[in-house]
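What you see is a predicted model, and the numbers here were worked out from it, not measured in a lab. Residue numbers start from 1 in every chain, and the chains themselves are labelled A, B, ... in the order their sequence lines are given, proteins ahead of strands.
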There are 2 protein chains.
Amino acid sequence: MNKQSLYKGCLEPIVLQLLGNHDRMYGYEITVKVKELTKGALQITEGALYPLLHRLEGEGVLTAEMEHVGNRMRKYYRLTPVGQATRKNALNELNDFIATLQLFNKPAIS
Amino acid sequence: MNKQSLYKGCLEPIVLQLLGNHDRMYGYEITVKVKELTKGALQITEGALYPLLHRLEGEGVLTAEMEHVGNRMRKYYRLTPVGQATRKNALNELNDFIATLQLFNKPAIS
DNA sequence: AACATATACCTAAGTTACCAATGTATTTAA
DNA sequence: TTAAATACATTGGTAACTTAGGTATATGTT
C-alpha cells in the first residue's frame with residue numbers, strides 16, 4: 001500500500017471522477033471500486049468518505065436517492081449539474097497537480 | 001496557483017528531491033526554487049517548511065551547517081546517507097502515487 | 001447452530017500537516 | 001526613506017484525514 005499521507009486532499013476529486021464515470025454509486029461501492037481500481041494501493045476509509053459525501057450533498061454537488069435491496073438500505077449518489085462543473089474543475093486541478101509533481105521527478109545526481 | 005489542499009503530504013518528498021539534486025540548500029532558497037520551478041503553481045510557506053526541516057534534521061535525514069553571508073545567517077541543509085535512502089524511497093512512493101492518481105484521470109462519460 | 005466475514009450505513013475523538021499571522025533583523029531597490 | 005526582498009523562526013487555528021466504535025442484514029464456514 002502506498003503512503004497514505006500523500007493522498008490527503010485527493011479524496012474529493014477522486015470521488016467526483018468516479019461519479020463522473022458511473023452515473024450513480026453508493027458509499028460502500030465507492031470504497032470497493034477504489035480499492036479494486038488501484039489494486040489495493042488506495043483504501044479509502046468510511047470515516048473519511050461518508051462525511052465527504054454528506055458535505056458534497058449539502059453543497060449541492062451531489063444528490064442522494066435511498067433504495068432498498070432486500071432489507072438493506074443503499075444511498076445512491078449522483079452528480080448534479082453543479083457537480084458536473086465541479087468535477088471538470090477538480091479534474092483540471094488534479095492534472096495540474098500531477099504535472100507539478102512531475103517537475104520533481106528526477107533520479108538525483110548521486 | 002493550484003489548489004493547495006492537494007499538496008498536503010507532498011512537501012517532504014519535494015524537499016527531499018530538491019536536496020537530492022542540489023547538494024545543499026537553505027530554507028529560503030528552497031521556497032524560491034519551488035516557486036520558480038513550478039512557475040508559481042506551488043508556493044510553500046515558511047510556516048510549513050522550517051518545522052519540516054527541523055524535524056528532518058532531528059530524524060537524521062538532514063544535517064545543517066550555519067554560514068554567514070555578510071551579517072546575515074544562512075542555514076544550509078544537506079542529505080545524510082540515511083537521507084539519501086529516504087529520498088529514494090520517497091521518490092518511489094511519489095511515483096506510485098502519481099500512477100495511482102492517473103487511474104482516475106478520465107474525461108467522464110457525459 | 002455458531003461464528004466470522006461481507007455488505008451497508010453512520011458518528012466521535014484524536015492526529016497531522018499544513019496555512020495565516022506574526023516577530024526579528026539585514027540588505028537592496030525605488 | 002520607505003518598501004520589498006532576504007533569512008531565520010514560532011504560535012494558533014483548521015481541514016482532512018485515521019482510528020475506533022456503533023447498528024443491522026446477508027452470506028459463507030465449521
Between [N] and [X], is there an OP1 or OP2 to side-chain N/O distance shorter than 4.0 Å?
X: A:His54; N: C:dT11; value: yes
X: B:Tyr28; N: D:dA5; value: no
X: B:Gln4; N: C:dC18; value: no
X: A:Tyr26; N: C:dC9; value: no
X: A:Asn71; N: D:dA24; value: no

Exercise. If you measure from the Lys or Arg side-chain nitrogens to the Asp or Glu carboxylate oxygens, is any gap between A:Arg55 and A:Glu12 under 4.0 Å?
Worked result: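 Salt bridge between A:Arg55 and A:Glu12, a charged N being under 4.0 Å from a carboxylate O: yes.
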Exercise. Under 4.0 Å between a Lys/Arg side-chain N and an Asp/Glu carboxylate O for B:Glu65 and B:Arg24?
Worked result: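 Result for this pair is yes, salt bridge flagged.
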Exercise. Which residue lies toward the 5' end of DNA chain D, A:Gly9 or A:Gly70, if each is placed at its nearest nucleotide?
Worked result: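 Nearest-nucleotide comparison on DNA chain D picks A:Gly9.
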Exercise. Start at the 5' end of DNA chain D and walk down; is the nucleotide closest to A:Leu11 or to B:Pro51 reached first?
Worked result: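 Of the two residues, B:Pro51 wins.
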Would you kindly give the [atom1]-to-[atom2] distance between [X] and [N], to the nearest whole Å?
X: B:Leu16; N: C:dA17; atom1: CG; atom2: P; result: 13 Å
X: A:Gln43; N: D:dC17; atom1: CD; atom2: P; result: 16 Å
X: B:Lys8; N: D:dC17; atom1: NZ; atom2: P; result: 9 Å
X: B:Leu53; N: C:dC18; atom1: CG; atom2: P; result: 12 Å
X: B:Tyr76; N: D:dT6; atom1: OH; atom2: P; result: 14 Å
X: A:Leu42; N: D:dC17; atom1: CG; atom2: C1'; result: 12 Å
X: A:Lys75; N: D:dA24; atom1: NZ; atom2: P; result: 18 Å

Exercise. Going by atom types only, do A:Arg74 and A:Tyr76 share a side-chain donor-acceptor pair under 3.5 Å?
Worked result: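 Result is yes, a qualifying pair exists.
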For this session: Flag yes if A:Val34 and A:Leu91 sit in one hydrophobic cluster, no otherwise; membership is Ile, Leu, Val, Met, Phe, Trp, Tyr, and two members link when side-chain heavy atoms are under 4.5 Å apart.
Result: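 No; A:Leu91 is not reachable from A:Val34 via cluster members.
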Exercise. Hey, any chance B:Tyr50 and B:Met73 share a hydrophobic cluster, counting ILVMFWY side chains that come within less than 4.5 Å of each other, even indirectly?
Worked result: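 No.
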Exercise. Side chain of A:Tyr50: nearest nucleotide among D:dT18, C:dC19, C:dC9?
Worked result: C:dC9
Problem set entry | Nucleotide nearest B:Arg72 (side chain, heavy atoms from C-beta), chosen from D:dC8, D:dT25, C:dT26 |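 Given the options D:dC8, D:dT25, C:dT26, the side chain of B:Arg72 is closest to C:dT26.
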Exercise. Is any side-chain N or O of B:Glu46 under 3.5 Å from a base N or O of D:dC8, one able to act as donor and the other as acceptor?
Worked result: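 Check passes, donor-acceptor contact within cut-off.
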Contact class for [X] (heavy atom, under 4.0 Å): base, sugar-phosphate, or nothing?
X: B:Leu52; value: nothing
X: A:Gly27; value: sugar-phosphate
X: B:Arg74; value: sugar-phosphate

Problem set entry | Most 5' of A:Val69 and A:Ser5 on DNA chain C, judged by nearest nucleotide | A:Val69
Problem set entry | is_close_aromatic(B:Tyr77, B:Tyr26), centroid dist under 6.0 Å | no
